[in-house]
Amino acid sequence: MQVKGLVVMDVDSTLIMEEGIDLLGEAAGLGEKVAEITERAMRGELDFELALKERVRLLAGLPLTIFEEIAQKIHFTPGAHELVEELHARGYKVALVSGGFHETVDALASTLNIDYVHANRLEKQDGCLTGKLLGDIVTKDVKKEKLLAWAKENQLTISQTIAMGDGANDLPMIETAGIGVAFCAKPIVREAAPFQINEKNLYKLIEIIDKRR
C-alpha cells in the first residue's frame, strides 16, 4: 500500500503521560532535582544537550533492573492506541523521536506497532548505568532531521508530514512539518506551533487532519 503520510511524535509528556528520565531520577533518590532540570529544559530555559548530560550523570549506579520497575509507572496518553491504529488504517507511517532512551521507548513502540523509533542510548557497565550516554544525542535539530529523512525514505513531501510534541526541543520539527502540533505544550511551543491540542487526548490529531483535507 502506498504511504499516504508520516506522523512523528515526541514521547515524554506526549505519547506517554510521564517524563521517563524523571522516573529514573526518582529511583535514584533525586526526583525533585532531575524534574526541575527537565522542566526548565522543556521550557527552553536550558540547553537541552547539557541538561540531558547533567541528568544522566545523576543516574550513575542505577541497576538495569530499574527499567522494568519504571515500566510499571508509565502510562500511554489517552487516545494513543486509537490514534496509531487509525493512522495505520489510513496509510500513514508513525514514528517516535525522543530525547529519552531506547531502554524505555522501544517497549512502548513495540506495544503500539510503531514504524520508526529514534532515541538516546545509555551506557551500561557491570549491570548498572554509568551516568553517560552512547553515541549522538537526540537534539532538537536531530528530531527535525529524522522527520525529513523518514519523509524522504517514503517519498513524501513535507506537506504530507505531521509533527507533534510538547517541549522546546520539539519546535524545529513542529515548525518544519506540513502540520505542526503543540500537544498540551509549554508556552513557548504553543506560541510558535500552527496547531494546538490542549487536552490529554492524542486522537484529537485526527480532527486536525480531517479539517485539512
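Computed over heavy atoms, backbone and side chain alike; hydrogens, waters and symmetry mates excluded.
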Summary of salt bridge (charged side-chain N to carboxylate O under 4.0 Å, His left out) pairs that have at least one residue in residues 138-153, sequence neighbours excluded: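 Salt bridge (charged side-chain N to carboxylate O under 4.0 Å, His left out) check on residues 138-153 returns D10-K143, K143-D170.
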Return the [atom1] to [atom2] distance between [X] and [Y], rounded to the nearest 0.5 Å.
| X | Y | atom1 | atom2 | answer |
| --- | --- | --- | --- | --- |
| K211 | I206 | NZ | CD1 | 13.0 Å |
| L52 | I21 | CG | CD1 | 5.0 Å |
| L122 | I66 | CG | CD1 | 12.0 Å |
| I37 | D22 | CD1 | CG | 9.5 Å |
| L202 | K200 | CG | NZ | 8.5 Å |
| E199 | C184 | CD | SG | 7.5 Å |

Under a 4.5 Å side-chain heavy-atom rule over Ile, Leu, Val, Met, Phe, Trp and Tyr, are [X] and [Y] clustered together?
| X | Y | answer |
| --- | --- | --- |
| I197 | M173 | no |
| L156 | L148 | no |
| F101 | L64 | yes |
| V105 | M17 | no |
| L133 | L58 | yes |

Please test F67 against L129 for side-chain contact (heavy atoms from CB on, under 4.5 Å), starting from the C-alpha separation and ending with a verdict. CA-CA 11 Å; F67 295 107; L129 299 179; 4.1 Å; yes
Hey, does the side chain of [X] reach the backbone of [Y] with a donor-acceptor pair shorter than 3.5 angstrom?
| X | Y | answer |
| --- | --- | --- |
| T161 | T157 | no |
| D12 | G20 | yes |
| T38 | V34 | yes |
| R40 | E36 | no |
| E68 | T65 | no |

Hydrogens and angles aside, do E49 and T139 bring a side-chain donor and acceptor to less than 3.5 Å of each other?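 No, because no side-chain N or O of E49 sits under 3.5 Å from a partner of the opposite role on T139.
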What pair of heavy atoms forms the shortest contact from [X] to [Y], and how long is it?
| X | Y | value |
| --- | --- | --- |
| G61 | C128 | O-SG, 3.7 Å |
| L96 | A109 | CD1-CB, 4.0 Å |
| V138 | F48 | O-CE2, 3.4 Å |
| Q196 | N198 | OE1-ND2, 2.9 Å |
| A41 | A51 | CB-CB, 3.9 Å |
| G165 | V189 | O-CG1, 4.3 Å |

Do you know which of K93, Q2, K4 makes side chain to side chain donor-acceptor pair (under 3.5 Å) with N154?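 Of all the options given, the one that passes is K93.
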Can you tell me if [X] has over 12 outside heavy atoms packed within less than 6.0 Å of its [atom1]?
| X | atom1 | result |
| --- | --- | --- |
| D210 | CG | yes |
| Q155 | CD | no |
| E32 | CD | no |
| K132 | NZ | no |

Let's go through R121 and E103 carefully: what are the C-alpha distance in whole Å and the side-chain angles of both, what is the deciding distance for salt bridge (charged side-chain N to carboxylate O under 4.0 Å, His left out) to 0.1 Å, and is it a yes or a no? CA-CA 7 Å; R121 291 192 185 278; E103 288 79 3; 5.2 Å; no
Show me the side-chain donor-acceptor pairs of residues 74-89 shorter than 3.5 Å, one per line, residues at least two apart or across chains.
unit_1	atom_1	unit_2	atom_2	d
H75	ND1	E18	OE2	2.8
H75	ND1	K73	O	3.3
T77	OG1	T14	O	2.7
T77	OG1	L15	O	3.3
T77	OG1	I16	O	3.4
E86	OE2	R90	NE	2.7
E86	OE2	R90	NH2	3.3
H88	NE2	D115	OD2	2.8

Between V181 and I174, is the side-chain contact (heavy atoms from CB on, under 4.5 Å) condition met? List the steps. CA-CA 6 Å; V181 184; I174 287 172; over 6 Å; no
Determine, stepwise, if the pair L6 / V94 fulfils side-chain contact (heavy atoms from CB on, under 4.5 Å). CA-CA 6 Å; L6 169 72; V94 184; over 6 Å; no
Test side-chain contact (heavy atoms from CB on, under 4.5 Å) on L205 and I162; report intermediate values, then the result. CA-CA 9 Å; L205 179 62; I162 299 167; 3.9 Å; yes
Closer than 4.0 angstrom, basic N to acidic O: yes or no for E207 and K204?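 K204 and E207: salt-bridged.
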Identify which one of R43, R190, K186 satisfies the salt bridge (charged side-chain N to carboxylate O under 4.0 Å, His left out) criterion when paired with D166.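 That would be K186.
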Any side-chain heavy-atom pair from I114 and V117 closer than 4.5 angstrom?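 A side-chain contact under 4.5 Å exists here.
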Determine, step by step, whether S13 and E19 satisfy the side-chain hydrogen bond (donor to acceptor under 3.5 Å, both in side chains) criterion, reporting the C-alpha distance in whole Å, the side-chain angles of both residues, the deciding distance to 0.1 Å, and the verdict. CA-CA 6 Å; S13 296; E19 289 281 338; 2.8 Å; yes
I need the full list of ring-ring contact (aromatic ring centres under 6.0 Å, His included) pairs touching residues 131-186, with sequence neighbours left out, sorted by first then second residue.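 Of all non-adjacent pairs touching residues 131-186, those that pass ring-ring contact (aromatic ring centres under 6.0 Å, His included) are Y116-W150.
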